[in-house]
Number of protein chains: 2
Amino acid sequence: MLRVSKLTDYATVILTHIAHQPDELHAASDITQSTGVALPTVSKVLKLLSKANILISHRGAKGGYQLAKKPNETNVAEVITAIEGPIGMTECMTSKGTCEQEPSCEIKGNWSLINRAVYTALEAVTLADMAAPVRQQAVSVVMPMTKETNELKVEN
Amino acid sequence: MLRVSKLTDYATVILTHIAHQPDELHAASDITQSTGVALPTVSKVLKLLSKANILISHRGAKGGYQLAKKPNETNVAEVITAIEGPIGMTECMTSKGTCEQEPSCEIKGNWSLINRAVYTALEAVTLADMAAPVRQQAVSVVMPMTKETNELKVEN
DNA sequence: CTTATATAGGACTATTTTAGTACTATATAA
DNA sequence: TTATATAGTACTAAAATAGTCCTATATAAG
């Protein structure tokens with residue numbers, strides 16, 4: 001598996017929809033109709049995204065939600081974090097001291113690198129990418145790290 | 001979150017341990033002692049890895065498990081798949097036709113690319129990397145895809 | 001000022017997934 | 001023949017997720 005939750009999936013669908021008209025206000029009831037996701041669920045997702053400052057909310061009559069930033073300024077890693085909490089491939093990445101084996105674990109450092117690699121891939125895709133046709137996407141590419149440093153070698 | 005299951009985490013610990021002595025046979029009881037993971041759990045993981053042809057098993061007295069291939073020929077993506085099933089960030093990546101929205105989904109193609117990016121990152125790290133100190137790891141790097149093709153542009 | 005509308009926040013239940021355990025069958029070395 | 005070790009499967013308990021609902025609060029418009 002290794003998958004995002006359904007709510008996260010909904011979140012990307014909803015945000016992609018909003019990203020098509022970034023300047024307008026979108027009420028939860030409107031989004032339900034356009035996306036086919038049930039209203040209570042849409043509502044839950046919108047609240048989470050609003051709390052994470054990915055969306056701005058406007059209360060009251062004629063209220064609704066709009067993007068807090070430009071579509072290319074919000075990425076998939078942020079969306080996942082907003083819905084599911086911090087991204088960490090293993091328990092020790094997000095909550096230290098929980099795993100008994102942690103002090104003697106030999107592979108924690110390697111998981112940390114894997115984690116970073118996955119995060120980098122997710123960070124590279126923005127809402128603007130999601131709203132655009134497939135071909136304009138960013139993708140991940142793997143290359144060996146330099147032996148001298150432990151730094152992530154990033155290219156654009 | 002977005003994390004691998006505990007069993008997958010155990011699997012990497014166990015495989016890393018075995019990778020240190022790839023040619024010897026390792027009984028479940030021995031691995032329990034070296035890793036601190038409970039015997040029934042170790043046993044379950046070993047069976048799954050054996051079924052996925054990552055390990056070779058030898059039954060009977062003086063039996064045990066050993067790596068089916070060289071440490072650098074088994075990667076983390078294979079291990080995750082062995083324990084959790086196929087890697088797919090969304091439901092539609094692994095089981096088609098389950099999601100009602102699938103036919104009209106606008107972002108399936110983009111999720112497919114994200115999925116591929118993450119998979120590429122996981123595929124790049126082998127058991128040999130896990131068994132080695134941190135600095136020899138492979139890491140993922142992100143770069144924009146060419147607009148002309150829909151191909152993954154991979155560099156080494 | 002009142003009313004209708006829309007989000008905020010939290011609580012709750014049901015479902016699904018995961019983790020962990022146990023039992024029986026089978027293979028093999030001595 | 002016996003002791004040892006894996007194979008396969010089924011089952012239970014725990015945790016995470018999904019989905020729903022209710023009350024409070026803010027705002028536009030009449």
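Lettering of chains follows the sequences in order, A, B, ..., and the numbering in each one begins at 1. Atom set for the values below is all heavy atoms of this structure, side chains included, hydrogens, waters and symmetry mates excluded.
Taking for each of B:Glu84 and B:Ala38 the nucleotide of DNA chain C with the nearest heavy atom, the 5'-most of the two is the partner of B:Glu84.
Protein atom CG of A:Leu39 is 11 Å distant from nucleotide atom C1' of C:dT7, rounded to whole Å. Atom CG in B:Leu7 sits roughly 14 Å away from atom C1' in D:dA14 (whole-Å rounding). Rounded to a whole Å, the CG atom of A:Asp9 is 13 Å from the C1' atom of D:dA18. Residue B:Glu91 contributes atom CD, which lies 15 Å from atom P of D:dT17 at whole-angstrom precision. When rounded to the nearest whole Å, the span between CD1 of A:Ile83 and C1' of D:dG19 equals 14 Å. Spacing between atom CD of A:Glu24 and atom P of C:dA6 amounts to 15 Å, rounded to whole angstrom units. Going from atom CG of A:Leu25 over to atom C1' of C:dA6 covers 11 Å, rounded to whole Å. Here the P atom of nucleotide D:dT4 and the CG atom of B:Asp30 are 13 Å apart, to the nearest Å.
Here B:Ser5 does not reach the OP1 or OP2 of C:dT17: none of its side-chain N or O atoms lies under 4.0 Å away. An OP1 or OP2 oxygen of D:dG19 is reached within less than 4.0 angstrom by a side-chain nitrogen or oxygen of A:Tyr10.
Between A:Val37 and A:Val42, the shortest heavy-atom distance links the atoms O-CG2, 3.4 Å.
Annotation: side chain of B:Thr41 is in contact with side chain of B:Tyr10 (closest heavy-atom distance under 4.5 Å). With a 4.5 Å cut-off on side-chain heavy atoms, B:Leu67 and B:Leu127 count as touching.
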_Trace of the salt bridge (charged side-chain N to carboxylate O under 4.0 Å, His left out) decision for B:Glu102 with B:Lys108_ = CA-CA 8 Å; B:Glu102 193 177 342; B:Lys108 187 168 58 173; 3.6 Å; yes
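The bend of the helix from C:dC1-D:dG30 to C:dA30-D:dT1, defined by the angle between the axes of its first five and last five pairs, stands at 20° to the nearest 10°.
For DNA chain D, the residues of residues 45-69 of chain A within the heavy-atom distance limit of 4.0 Å (strictly under) are A:Arg59, A:Gly60, A:Ala61, A:Lys62, sorted by number.
Checking side-chain atoms of B:Glu84 against main-chain N and O of B:Ser5 turns up a donor-acceptor pair under 3.5 Å.
Judged purely by distance below 3.5 Å, without hydrogens or angles, the side chains of A:Thr8 and A:Arg3 never pair a donor atom with an acceptor atom. Neither side chain, A:His17 nor B:Glu106, offers a donor N or O lying under 3.5 Å from an acceptor on the other. Side-chain atoms of A:Glu78 and A:Asn75 form a donor-acceptor pair, as typed in the model, at a separation below 3.5 Å.
Nearest nucleotide to the A:Lys6 side chain, out of C:dT21, C:dT7, D:dG19: D:dG19. Of the candidate nucleotides C:dT21, C:dT18, D:dA5, D:dA5 has the atom nearest to the side chain of B:Ala27.
Interatomic distance, CG of A:Leu2 versus CE of A:Met89, reported as 5.0 Å (0.5 Å rounding).
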